[in-house]
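The block underneath contains the structure these notes are about, expressed in structure tokens.
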There are 2 protein chains.
Amino acid sequence: MKPETENHATLCQRLKECDVRPTPQREVVLKVILAKRDHPTADEIFARVKAQLPTISLATVYNCLETLVQCGLIRQVNLERAPTRYCPNLHEHAHFHDEATGQIHDVDLPPDLMARLHEVLPAGFDARSIDLTFRGKAATN
Amino acid sequence: MKPETENHATLCQRLKECDVRPTPQREVVLKVILAKRDHPTADEIFARVKAQLPTISLATVYNCLETLVQCGLIRQVNLERAPTRYCPNLHEHAHFHDEATGQIHDVDLPPDLMARLHEVLPAGFDARSIDLTFRGKAATN
DNA sequence: GCGCGGTTTAGAATTATTCTAATTCTCACT
DNA sequence: AGTGAGAATTAGAATAATTCTAAACCGCGC
């Protein structure tokens, strides 16, 4: 299941499963996010979608993103004082923010560690999601 | 060492230790952040500082915050599409973002878990800091 | 005491995001 | 296949957060 090969039917079905109307705009927004393993901003997504849907507006991109995030089809990542970025990787993972290049890398963590994170909250706190971001320098190789 | 009792001399010294000029503006910004265990935004900090330093400008607050974050005297917390918040708690901890109220709670985690987080990065990734944020609902009691 | 360089100030500028109101589309129901 | 209700989209304006700019200011080493 290469992301590049996500086709109309698959995308549509994914959206329907979330009880959202599978509009062309939503479909293409989701498609361009899944197509690359990077973490584009709303603006970048807007640019990519425009290539296929020239009349789409930025507001629609924001609407679609909000919908997709709510569905859990994508995640959003917030870095210090920078535009929100969107992440296509639904597999539970952490992020590494390279302060030198500004790039974000996905980092897989041992399943037991992720499991442990879910358990450590004090009573009364019920976490729906966890954001784990490392910040630093990545080796230049 | 109650935070409320941080005095001029202490604050000054803290700043000097970081090789920054201990200006009144920086001192008061740091003081108001340390004075409360909440997570104020730049605007909120601006308002609090103004009470003591009526001529301070918002730009200066941003400058001071940037300086203080760089020194490691405070931390910044980024939540989805919301203004950046600043955290006075230097002790290593996680955040719980209550989606119902918008409030942020500090969460202490077992030391071994924090230690583990620092070790799990793949070779070549060197983390200077870690941001761990839980999102969900806190019990209403 | 003087001057250099870092700091502050006010306000403008920029950037990200949201809102608005009008239009268009989707889909369930015929 | 046609229709109507509600949802989605559009362009552009509005808002909000943050950064920039240029001038004035100030602290500190000489």
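Letters A, B, ... mirror the listed sequences (proteins, then strands); counts begin at 1.
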B/Ile56 backbone acceptor or donor facing B/Thr60 side chain under 3.5 Å: no
A/Arg26 side-chain N/O to A/Arg21 backbone N/O, donor-acceptor pair under 3.5 Å: yes
Atom pair CG (A/Leu30) and OG1 (A/Thr67), whose distance is rounded to the nearest 0.5 Å: 11.0 Å
Could you write out each protein N or O paired with an N or O of nucleotides 1-3 of chain D at a distance under 3.5 Å?
none

For [X], all residues meeting salt bridge (Lys or Arg N to Asp or Glu O under 4.0 Å), sequence neighbours excluded:
| X | value |
| --- | --- |
| A/Glu66 | none |
| B/Arg135 | A/Asp131, B/Glu80 |
| B/Arg85 | none |
| A/Asp112 | B/Arg116 |

Derivation and outcome, salt bridge (Lys or Arg N to Asp or Glu O under 4.0 Å), residues B/Arg128 and A/Glu99: CA-CA 10 Å; B/Arg128 195 180 47 70; A/Glu99 294 180 312; 2.5 Å; yes
Covered region of DNA chain C, 5' end to 3' end, by chain B [heavy atoms, under 4.0 Å]: C/dG5 to C/dT18
Terminal axis angle for the helix from C/dG1-D/dC30 to C/dT30-D/dA1, five pairs an end, nearest 10 degrees: 30°
Listed nucleotide nearest any side-chain atom of B/Arg21, set D/dA17, D/dT9, D/dC26: D/dC26
Whichever hydrophobic residues join B/Ile104 through chains of side-chain contacts under 4.5 Å: B/Val77, B/Leu79
Close residues, residues 50-68 of chain B, relative to DNA chain D [heavy-atom separation under 4.0 Å]: B/Leu58, B/Ala59, B/Tyr62
ring-ring contact (aromatic ring centres under 6.0 Å, His included) partners of residues 94-117 of chain B, not counting sequence neighbours, each pair once: A/Phe125-B/Phe96, A/Phe125-B/His105, B/His39-B/His95, B/His93-B/His95
Contact list for residues 64-87 of chain B, test ring-ring contact (aromatic ring centres under 6.0 Å, His included), sequence neighbours left out: none
Rounded to whole Å, how long is the line connecting atom [atom1] of [X] with atom [atom2] of [N]?
| X | N | atom1 | atom2 | value |
| --- | --- | --- | --- | --- |
| B/Asp43 | D/dT19 | CG | P | 13 Å |
| B/Glu44 | D/dA16 | CD | P | 15 Å |
| B/Gln25 | D/dA24 | CD | C1' | 13 Å |

Residue mapping more 5' on DNA chain D - nearest nucleotide basis, B/Thr41 or B/Lys16: B/Thr41
side-chain hydrogen bond (donor to acceptor under 3.5 Å, both in side chains) contacts touching residues 117-126 of chain A (sequence neighbours left out): A/Glu92-A/His118
